[in-house]
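See below for the structure under consideration.
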Amino acid sequence: MAWIVAVLLFGEALGIAALNWFLGVVVDRQEMSLAGLDPHMMSVSSKIGGIAFGLYFALCGLVALLVALRDGPGGLRRVLLISAAVVHGLLGAFTWGLVGWPAFLFMVLVLGLIVLVLMTYDRPAEPADAAPQDGAGGDGSPVTSPPAPTTP
């Protein structure tokens with residue numbers, strides 16, 4: 001599952017960087033001002049934003065790849081995957097209104113896959129060898145349930 005998420009995030013990284021670069025070129029060639037802003041500055045900021053957002057998605061894809069190779073996120077890797085899930089939730093909300101439902105479904109699909117990776121590769125709080133074996137406690141005594149509550 002983490003392999004699929006890594007491939008999707010790498011694809012999104014390339015797609016978002018290429019889309020913002022294209023939009024920057026379009027703004028630069030039109031030479032139109034938006035509320036008095038410099039068209040060249042808008043073009044450069046679009047390109048820089050696309051590269052930064054693409055690098056973010058590429059980093060999240062690298063984290064998903066490391067999860068697939070090392071069998072589990074931890075620390076900063078988990079935080080990056082959670083942030084990627086939040087970003088996909090927000091992008092899904094924006095794409096519903098701006099682009100349409102197919103883009104929304106794609107964003108929700110990627111969001112679900114990221115959450116599935118986070119849940120699938122979740123590590124238990126204590127090591128497996130610390131769990132009691134064969135119904136016995138650590139001191140060899142049998143494990144018993146607490147007494148049932150009584151009503152007055």
Side-chain angles (χ1 to χ4, degrees), residues 1-29 34 37-146:
M1 188 60 56
W3 291 98
I4 295 170
V5 171
V7 169
L8 284 173
L9 287 173
F10 284 135
E12 278 187 272
L14 289 174
I16 204 88
L19 176 68
N20 278 320
W21 192 272
F22 173 74
L23 291 175
V25 169
V26 168
V27 167
D28 198 30
R29 287 189 181 162
L34 177 67
L37 295 174
D38 181 27
H40 179 69
M41 186 58 68
M42 290 176 18
S43 170
V44 170
S45 63
S46 175
K47 292 176 183 178
I48 290 172
I51 290 171
F53 209 33
L55 287 175
Y56 167 72
F57 275 143
L59 179 64
C60 292
L62 179 65
V63 166
L65 188 64
L66 289 175
V67 167
L69 293 174
R70 296 184 182 169
D71 198 32
L76 183 61
R77 292 188 305 240
R78 177 175 293 278
V79 170
L80 276 171
L81 285 178
I82 291 171
S83 72
V86 170
V87 166
H88 277 86
L90 291 171
L91 285 176
F94 289 130
T95 57
W96 177 267
L98 296 175
V99 181
W101 65 269
F104 170 76
L105 288 179
F106 176 76
M107 288 296 161
V108 170
L109 173 75
V110 176
L111 167 67
L113 289 173
I114 292 172
V115 170
L116 187 62
V117 165
L118 285 167
M119 298 297 289
T120 304
Y121 292 99
D122 195 19
R123 293 184 181 165
E126 62 181 41
D129 59 355
Q133 301 290 331
D134 298 329
D139 60 352
S141 62
V143 176
T144 59
S145 61

Flag the pair [X] / [Y] as yes when at least one side-chain heavy-atom distance between them is below 4.5 Å, and no otherwise.
X: Leu9; Y: His88; result: yes
X: Phe10; Y: Leu14; result: no
X: Trp101; Y: Thr95; result: no
X: Lys47; Y: Val25; result: yes

Has Met1 got more than 12 heavy atoms of other residues, nucleotides or ligands less than 6.0 Å from its CE?
no
Separation of [Y] [atom2] from [X] [atom1] (nearest 0.5 Å):
X: Glu12; Y: Leu19; atom1: CD; atom2: CG; result: 12.0 Å
X: Leu55; Y: Leu62; atom1: CG; atom2: CG; result: 11.5 Å
X: Leu76; Y: Ser83; atom1: CG; atom2: OG; result: 9.0 Å
X: Phe57; Y: Leu8; atom1: CZ; atom2: CG; result: 11.0 Å
X: Ile51; Y: Ile16; atom1: CD1; atom2: CD1; result: 13.0 Å

Students often mix this up, so state it plainly: with edges at 30° and 60°, are the rings of Tyr56 and Phe53 parallel, tilted or perpendicular? parallel
### Message
Tell me whether the rings of Trp96 and Phe104 are parallel (<30°), tilted (30 to 60°) or perpendicular (>60°).
### Response
perpendicular
Contacts of Ser45 meeting side chain to side chain donor-acceptor pair (under 3.5 Å) (sequence neighbours excluded), chain-then-number -> none
Heavy-atom closest contact ([X] atom, [Y] atom, distance):
X: Ala64; Y: Val5; value: CB-CG1, 3.9 Å
X: Gly54; Y: Ala17; value: CA-CB, 4.4 Å
X: Ala6; Y: Gly61; value: CB-O, 3.5 Å
X: Ser46; Y: Asn20; value: OG-O, 2.9 Å
X: Ser43; Y: Gly24; value: OG-O, 2.8 Å
X: Ala85; Y: Ile114; value: CB-CG2, 3.9 Å

- Message: Is there a side-chain contact (heavy atoms from CB on, under 4.5 Å) between Val117 and Trp3? Walk through the geometry before answering.
- Response: CA-CA 10 Å; Val117 165; Trp3 291 98; over 6 Å; no
Review point. Stepwise, does the side-chain contact (heavy atoms from CB on, under 4.5 Å) test hold for Val27 with Leu23?
Key: CA-CA 6 Å; Val27 167; Leu23 291 175; 5.5 Å; no
